[in-house]
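Following: one structure in structure tokens, then a few remarks.
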Amino acid sequence: MSIRHALAATAAAGTLAVIAAAPAQAAEYSSALKVKGVQYDAPGSDSNRCSGGNTKNEYLTIKNYSRTATVNLKGYVVKDAVGNKFTFTASHKLEPGDYVKLRGGRGTDSDAGNVVYRQNCNFIWNNDKDTVYLLKPTGARADVHSYTKRADDADGNGYINYHG
């Protein structure tokens, strides 16, 4: 092998190594259901008391972005970076364009009111940074978003919008 060919091969291998080492871009998952937004920092002082606390003001909005398919949330899982999770155990159908707010705290789920309660008074989302996972009943990812308060919440209101 000539020196010129050896240098070209070495340069090409170096380029491939640099390409392989580049960080992967966020994947866009092929799912009708996506995280529309998250109120990760409930307004006011955090209090996870079931009576008088503000965990109901922390919520995740999940929207059906399909134009034609109705999707049942039963079996879908929402979790954070450290594994705190909520599984939709009851049937809750989202028509095309419909959404549901998954709220903390205790309450009565309502299809008409587009709300499901986690029946848990502990906060799930961290106020500084976290990752929101929406998993299909099969365990496959439907949508995933990471946030940091500093980088993703320019107005400081504790809410981040992901999909319009």
Side-chain angles (χ1 to χ4, degrees), residues 22-50 52-67 69-90 92-164:
Q25 296 299 318
E28 184 65 31
Y29 300 97
S30 60
S31 173
L33 294 185
K34 294 197 182 295
V35 175
K36 182 179 185 310
V38 61
Q39 180 72 49
Y40 68 90
D41 188 1
S45 297
D46 285 352
S47 172
N48 61 358
R49 291 188 325 257
C50 285
N54 65 338
T55 56
K56 288 182 181 180
N57 297 327
E58 179 187 83
Y59 62 89
L60 179 73
T61 305
I62 300 168
K63 183 176 177 180
N64 180 354
Y65 286 89
S66 171
R67 294 179 188 198
T70 298
V71 181
N72 190 343
L73 282 167
K74 187 174 184 175
Y76 273 79
V77 173
V78 170
K79 70 177 193 168
D80 72 350
V82 296
N84 296 309
K85 71 179 185 175
F86 172 82
T87 302
F88 288 91
T89 57
H92 190 92
K93 295 180 180 175
L94 293 181
E95 301 291 328
D98 202 5
Y99 68 92
V100 66
K101 286 186 178 180
L102 175 62
R103 291 190 174 276
R106 301 190 192 286
T108 303
D109 297 349
S110 169
D111 281 339
N114 294 335
V115 65
V116 172
Y117 289 90
R118 290 190 294 112
Q119 306 303 333
N120 183 322
C121 296
N122 293 319
F123 292 97
I124 190 171
W125 312 115
N126 293 333
N127 288 352
D128 58 345
K129 64 181 178 179
D130 213 333
T131 301
V132 178
Y133 295 90
L134 175 62
L135 306 175
K136 296 178 181 181
T138 62
R141 291 180 178 181
D143 203 12
V144 177
H145 295 281
S146 292
Y147 66 85
T148 63
K149 181 175 187 164
R150 184 175 188 165
D152 300 308
D153 189 6
D155 61 7
N157 68 355
Y159 185 83
I160 298 171
N161 191 27
Y162 293 113
H163 300 282

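Just so you know, residue 1 is the first one in the sequence shown, and it goes up from there. Note that the structure is predicted; figures quoted are calculated from it, not measured.
- Shown here for H163 and Y65, the closest heavy-atom pair between the two residues is O-OH, 2.7 Å.
- For the pairing with Y162, the side-chain contact (heavy atoms from CB on, under 4.5 Å) check across T61, V35, D143 returns one residue only, V35.
- A donor-acceptor distance shorter than 3.5 angstrom exists from the side chain of N64 to the backbone of A69, with no hydrogens or angles considered.
- Annotation: K129, atom NZ; neighbour count of heavy atoms from other residues, nucleotides and ligands within 6.0 Å does not exceed 12.
- In this structure the side chain of N54 reaches within 4.5 angstrom of the side chain of D46, judged on heavy atoms.
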Does H92 form a side-chain contact (heavy atoms from CB on, under 4.5 Å) with D109? I'd like the steps, not just the answer. CA-CA 9 Å; H92 190 92; D109 297 349; 5.7 Å; no
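- For the side-chain contact (heavy atoms from CB on, under 4.5 Å) criterion with I62, the lone passing option out of V78, V71, N114 is V78.
- Closest heavy-atom contact between Y159 and D153: O-OD1, 3.5 Å.
- In this structure, NZ in K34 is found 11.5 Å from OG in S66, a value given to the nearest 0.5 Å.
- Atoms OG1 and CG, on T148 and D130 in that order, are 11.0 Å from each other to the nearest 0.5 Å.
- Using bins of under 30°, 30° to 60° and over 60° for the plane-to-plane angle, the ring pair Y147/Y40 lands in the tilted bin.
- One finds the NE2 atom of H145 at 11.0 Å from the OG1 atom of T131 (value rounded to the nearest 0.5 Å).
- Residue pairs that meet the disulfide (SG to SG under 2.5 Å) test with at least one member in residues 113-164, sequence neighbours left out, are C50-C121.
- Between the side chain of N161 and the main chain of G37, no donor-acceptor pair closer than 3.5 Å is present.
- A side-chain hydrogen bond (donor to acceptor under 3.5 Å, both in side chains) check over residues 69-90, counting only residues at least two apart or in different chains, returns the pairs T70-E95, N72-S91, D80-N84.
- Of the inter-residue distances, the one linking L94 atom CG with L33 atom CG reads 6.0 Å to the nearest 0.5 angstrom.
- Pairs of residues two or more places apart, or lying in two chains, never qualify as disulfide (SG to SG under 2.5 Å) while including a residue from residues 129-164.
- Q39 places a side-chain N or O within donor-acceptor distance of the main-chain N or O of N157, the cut-off being under 3.5 Å.
- A distance of 11.0 Å separates CG in L60 from CD1 in I160, rounded to the nearest 0.5 Å.
- Here the straight-line distance linking atom CD1 of I124 with atom CZ of R118 works out to 5.0 Å at 0.5 Å rounding.
- Figure legend: cation-pi geometry between K101 and Y59, with NZ or CZ positioned under 6.0 Å from the six-membered ring centre and within 45° of its axis.
- Side chain of N126 to main chain of D128: no donor-acceptor pair is present (N/O by atom type, distance under 3.5 Å, no hydrogens or angles).
- Between the R106 side chain and the Q119 main chain, a donor and an acceptor come within less than 3.5 Å of each other.
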